[in-house]
K.L.:
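Submitted below is the structure of interest, expressed as structure tokens.
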Amino acid sequence: MVSGSIIFEVETPLEAQRLWNAFVKDGHNLLPKQVPEVSSSIAFIQGDGGVGSIRKINFTDAAEPELSFVKELVEEVDEEKFVYRYSHVEGGMFGKILASAKIRGQIHPKRRRWMCVQLCIPL
């Protein structure tokens, strides 16, 4: 069994609050518009985006057949530290290739006037 984690980092000159608002607060509206070839829609099917909410991401036909949709359970929303944590609960590769999928996103300062958006996926 493999252990560890995969970490993706992207640096940007955008301000942390602006990134948080775009990806966390309004991501369900923004992402299908920005990447329509991948995501056809994102909607909260339970809750309003806070802890305990479930959002469903529907993918386009361009995705693999196993990736028609994924449901994510929001586990942590920390607006002061810009931390957003969620897990996949249905769809996608869940139960096929992945036994579980938990993702932790955080926005933090990287260098003068630059922010880092970091996604950590434990294995």
Side-chain angles (χ1 to χ4, degrees):
M1 177 165 258
V2 178
S3 64
S5 59
I6 299 171
I7 298 174
F8 298 97
E9 287 190 347
V10 177
E11 291 184 28
T12 177
L14 296 175
E15 184 244 349
Q17 187 65 54
R18 187 172 180 191
L19 288 167
W20 178 265
N21 291 344
F23 287 109
V24 176
K25 290 188 170 183
D26 200 37
H28 60 286
N29 293 317
L30 179 68
L31 293 175
K33 292 176 185 173
Q34 294 299 313
V35 286
E37 63 279 0
V38 176
S39 175
S40 59
S41 67
I42 301 175
F44 286 100
I45 59 173
Q46 178 180 313
D48 61 359
V51 173
S53 296
I54 296 177
R55 71 177 175 180
K56 182 178 180 185
I57 302 171
N58 292 304
F59 297 102
T60 65
D61 292 338
E64 295 293 323
E66 295 87 15
L67 292 175
S68 62
F69 76 94
V70 67
K71 290 182 184 177
E72 299 175 340
L73 171 65
V74 179
E75 297 178 342
E76 178 182 6
V77 179
D78 187 331
E79 294 195 38
E80 289 182 19
K81 295 180 181 176
F82 299 116
V83 173
Y84 187 74
R85 188 170 48 90
Y86 58 94
S87 60
H88 290 183
V89 294
E90 186 182 339
M93 298 296 179
F94 183 71
K96 296 174 185 167
I97 295 174
L98 299 172
S100 66
K102 294 182 178 274
I103 296 106
R104 181 179 189 273
Q106 182 171 18
I107 302 167
H108 58 85
K110 186 70 172 181
R111 55 189 166 136
R112 188 174 182 203
R113 288 194 246 163
W114 280 74
M115 291 289 127
C116 177
V117 178
Q118 181 183 68
L119 292 176
C120 180
I121 305 167
L123 300 175

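Small disclaimer: the values here were computed from a predicted structure and weren't measured.
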K.L.:
Check whether any side-chain heavy atom of Phe23 sits under 4.5 Å from a side-chain heavy atom of Leu31, and report yes or no.
P.N.:
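Yes, at least one pair of side-chain atoms sits under 4.5 Å.
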K.L.:
Between Val77 and Trp20, is any pair of side-chain heavy atoms under 4.5 Å apart?
P.N.:
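The answer is yes, as the side chains (C-beta and beyond) meet within the 4.5 Å cut-off.
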K.L.:
Any chance you could measure Phe69, atom CZ, to Ile57, atom CD1, to the nearest 0.5 Å?
P.N.:
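It is 11.5 Å, given to the nearest 0.5 Å.
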K.L.:
Find the distance between CD (Glu76) and CZ (Arg104) and round it off to the nearest 0.5 Å.
P.N.:
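Output value for this atom pair is 6.0 Å.
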K.L.:
Could you check Ile107, Asp78, Val24 and say which one makes a side chain to side chain contact (heavy atoms under 4.5 Å, CB included) with Val83?
P.N.:
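Considering Ile107, Asp78, Val24, a side chain to side chain contact (heavy atoms under 4.5 Å, CB included) with Val83 is found only for Asp78.
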K.L.:
State the CZ-CG distance between Arg85 and Leu73, to the nearest 0.5 angstrom.
P.N.:
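Reported to 0.5 Å precision, the distance equals 9.5 Å.
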K.L.:
My understanding is that only residues two or more places apart in sequence, or in another chain, count here; which of them pass side chain to side chain contact (heavy atoms under 4.5 Å, CB included) with Tyr86?
P.N.:
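If we apply the side chain to side chain contact (heavy atoms under 4.5 Å, CB included) test to Tyr86, skipping adjacent residues, the hits are Arg55, Glu72, Tyr84, His88, Ile103.
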K.L.:
Check Gln17, His108, Gln118, Met115 against Phe82 for a side chain to side chain contact (heavy atoms under 4.5 Å, CB included) and give me the one that passes.
P.N.:
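Going through Gln17, His108, Gln118, Met115 one by one, the side chain to side chain contact (heavy atoms under 4.5 Å, CB included) with Phe82 is satisfied by Gln17 alone.
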K.L.:
Could you give all pairs that pass the side chain to side chain donor-acceptor pair (under 3.5 Å) test and reach residues 33-52, with sequence neighbours left out?
P.N.:
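The answer is Ser41-Asn58.
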K.L.:
Looking at side-chain heavy atoms only, is the closest gap between Ser68 and Phe59 below 4.5 Å?
P.N.:
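No, side chains not in contact.
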K.L.:
I need the Glu90 CD to Ile45 CD1 distance, nearest 0.5 Å.
P.N.:
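Between atom CD of Glu90 and atom CD1 of Ile45 there are 7.5 Å.
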K.L.:
For the NZ atom of Lys102 and the SG atom of Cys120, what is their distance to the nearest 0.5 Å?
P.N.:
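Separation between the atoms: 12.5 Å.
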K.L.:
Among the clusters formed by ILVMFWY side chains lying less than 4.5 Å apart, do Leu30 and Val10 turn up in the same one?
P.N.:
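Different clusters.
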K.L.:
Would you say Phe8 and Trp114 are hydrophobically clustered, going by side-chain heavy atoms of ILVMFWY under 4.5 Å?
P.N.:
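Hydrophobic grouping puts Phe8 apart from Trp114.
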